[in-house]
Peer 1: 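Just dropping this structure here.
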Number of protein chains: 2
Amino acid sequence: MSDAPQSTEAVDDYLKAILELSGVDEDAVTSNALAEHLGVRAASVTGMLQKLAAREPSFVHYQKHYGVRLSVVGRRRALEVIRHHRLLERFLHDFLDYSWDEVHEEAERLEHYISERLEDRIAAKLGDPALDPHGHSIPEKDGAVAERHEVALASWPCDVPAAISSVSDRNPAELREMKRLGLLPGTVLVVEPGTRAGSILVRIGSDSPTRVSSELAAGIMLAGGPR
Amino acid sequence: MSDAPQSTEAVDDYLKAILELSGVDEDAVTSNALAEHLGVRAASVTGMLQKLAAREPSFVHYQKHYGVRLSVVGRRRALEVIRHHRLLERFLHDFLDYSWDEVHEEAERLEHYISERLEDRIAAKLGDPALDPHGHSIPEKDGAVAERHEVALASWPCDVPAAISSVSDRNPAELREMKRLGLLPGTVLVVEPGTRAGSILVRIGSDSPTRVSSELAAGIMLAGGPR
DNA sequence: GACATAATTTAGCTAAACCTAAATTACCAC
DNA sequence: GTGGTAATTTAGGTTTAGCTAAATTATGTC
Ligand SMILES: [Mn+2]
Ligand SMILES: [Mn+2]
Ligand SMILES: [Mn+2]
Ligand SMILES: [Mn+2]
């Protein structure tokens, strides 16, 4: 029933960015990295980090000149917004005929504005999905996240089969290209020895190998192959 | 492809309020009426009206001390937002199990943030509906609005049958009460002579008459009965 | 025609969230 | 340890949208 939103779109986006950039080991994130990721100036980041640290309860632990980490509360909110984002992507894709390169932009805005009720109804309609259309796992309502070991395609060894576990949803053109090449979550592939600087040679099933540019490969994450 | 939104949530809400308050004959709307409707101070309204008038292209025609009217552009945007609102209400109600007293609040926020694409997909999914769950007509994509003659229940003559055409969606408790009493859009009723100050006696079909409070009645609009 | 009252506007302030330009600080090399 | 460079913060400014308090304007009444 309370009407005062606990956070704004900008705050949400900072929290998500800190979570994403801090990685699995939850390193401190630098102002510059955040500025780059969010497309704002470093000075603006400093201003926001000071506010995020100052609020009660605090969303981050911030040490001037040494970077920022999420507090428990901040992490909780970041995961909530990511849950919104991924549920929305799944919903737009499965129920409203969005293609997988269209969902991200729409979800990026709406994630901040849907209520708990809508979140729950969408999750129910979808049957509580575990993954979004790009293979990213959807945090549980209580903030639990499925642990997964992912390795970038670029650093996967040759001749060891692996399945694509997820792909970056940031660039629509790249997503269309991945789809064209058959590089979808779940696809099993083998990296071939013919790797050159600037591209990687990849075989899917028994087809002839495909050359995947480094930019495209950078967005592709693998899980250990079928054992 | 352009990313700069033409209006903000606040601007949208002012435009909608001006449209609603100016009525069918499009009277000028006073600052006080807007302040009341929007829940802000009259001074804030003046400030906003000056901005709405000053922008290029202007959203309103504003004469200080004499009220405000929508420009063609402003009216166009107001109708666009109302289309979003009513499509969202219909969608939440029909596809996501929202009850008719829950839809308004959610739509009130989301109406400002859905893209043209999502608007179109929702409309398609619903089969281009003409009415929202409260009986209000949904403006067409080109801004056309179906003309309807509506009369308040309070000023309808006795013993002349009429159908409920729409009900106010502003108050969830009132909506639940209307539903309990069977006062839904499409319901045919007759006003009985037993009208007292504070309430109206209404007969639905061949049931025994129901007493409807003035507050509830104030939200109920009728169309001419079956001829 | 002058006044009281109500409606409305102006003036000056606040909070978010951004910006640029100018410090400041950390840290690496020598 | 002293510099130099890159990273970061501070200082000061903008825009949007609200606020309060103090004018100002419109208008109905005598
Ligand atoms: Mn976002
Ligand atoms: Mn995604
Ligand atoms: Mn609104
Ligand atoms: Mn409605």
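We use all heavy atoms of the structure for the numbers below, so side chains are in, but hydrogens, waters and symmetry mates are not.
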Peer 1: Can you list everything that forms a side-chain hydrogen bond (donor to acceptor under 3.5 Å, both in side chains) with B:Glu80? Sequence neighbours excluded, please.
Peer 2: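 Once residues adjacent in sequence are excluded, the partners of B:Glu80 under the side-chain hydrogen bond (donor to acceptor under 3.5 Å, both in side chains) criterion are B:His84.
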
Peer 1: Going by heavy atoms closer than 4.0 Å, what residues in residues 11-23 of chain B are next to DNA chain C?
Peer 2: none

Peer 1: Only counting residues at least two apart or in another chain, list the ones meeting ring pair (Phe, Tyr, Trp, His ring centres under 6.0 Å) with A:Phe91.
Peer 2: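 Partners of A:Phe91 under the ring pair (Phe, Tyr, Trp, His ring centres under 6.0 Å) test: A:Phe95.
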
Peer 1: Heavy atoms within less than 4.0 Å of DNA chain C: which residues of residues 59-80 of chain B have one? Give them sorted by number.
Peer 2: B:Tyr62, B:Lys64, B:His65

Peer 1: Can you sort out which residues in residues 31-41 of chain B have a heavy atom within less than 4.0 Å of DNA chain C? Ascending by number, please.
Peer 2: B:Ser31, B:Asn32

Peer 1: Would you say the ring centroid of B:His104 lies under 6.0 angstrom from that of B:His85?
Peer 2: yes

Peer 1: So, are A:Glu119 and A:Arg83 salt-bridged, with charged N and O less than 4.0 Å apart?
Peer 2: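 Answer for the salt bridge query: yes.
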
Peer 1: How would you list, by chain and number, every residue that makes a salt bridge (Lys or Arg N to Asp or Glu O under 4.0 Å) with A:Glu140, sequence neighbours excluded?
Peer 2: none

Peer 1: Going by the rule side-chain hydrogen bond (donor to acceptor under 3.5 Å, both in side chains), which residues pair with B:Arg170 if we only count those two or more places apart in sequence or in a different chain?
Peer 2: B:His37

Peer 1: Reading DNA chain C from 5' to 3', where do the contacts with chain A start and stop? Cut-off is 4.0 Å to heavy atoms.
Peer 2: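 Reading along DNA chain C, I get C:dA16 to C:dC27.
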
Peer 1: Could you list all the ring pair (Phe, Tyr, Trp, His ring centres under 6.0 Å) pairs where at least one residue sits in residues 49-77 of chain B, not counting sequence neighbours?
Peer 2: none

Peer 1: So, for B:His134 and B:Trp100, is the gap between ring centers shorter than 6.0 Å?
Peer 2: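 Between B:Trp100 and B:His134, which both carry aromatic rings, the centre distance is below 6.0 Å.
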
Peer 1: Restricting to ring pair (Phe, Tyr, Trp, His ring centres under 6.0 Å), what partner residues turn up for B:His136, sequence neighbours left out?
Peer 2: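 Per chain and number, B:His136 pairs via ring pair (Phe, Tyr, Trp, His ring centres under 6.0 Å) with no residue.
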
Peer 1: Go through the structure and list residues passing side-chain contact (heavy atoms from CB on, under 4.5 Å) with A:Asn32, not counting sequence neighbours.
Peer 2: A:Thr30, A:Ala42

Peer 1: Looking at residues 43-53 of chain A, who's got a heavy atom less than 4.0 Å off DNA chain D?
Peer 2: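 By residue number: A:Ala43, A:Thr46, A:Gln50.
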
Peer 1: Would you give the length of the straight line joining atom CG of A:Asp27 to atom CG of A:Leu21, rounded to the nearest 0.5 angstrom?
Peer 2: 10.5 Å

Peer 1: Report the C-alpha separation of A:Leu153 and A:Ile164 in whole Å, then their side-chain angles, then the decisive distance to 0.1 Å, and conclude whether the side-chain contact (heavy atoms from CB on, under 4.5 Å) test is met.
Peer 2: CA-CA 8 Å; A:Leu153 172 53; A:Ile164 295 178; over 6 Å; no

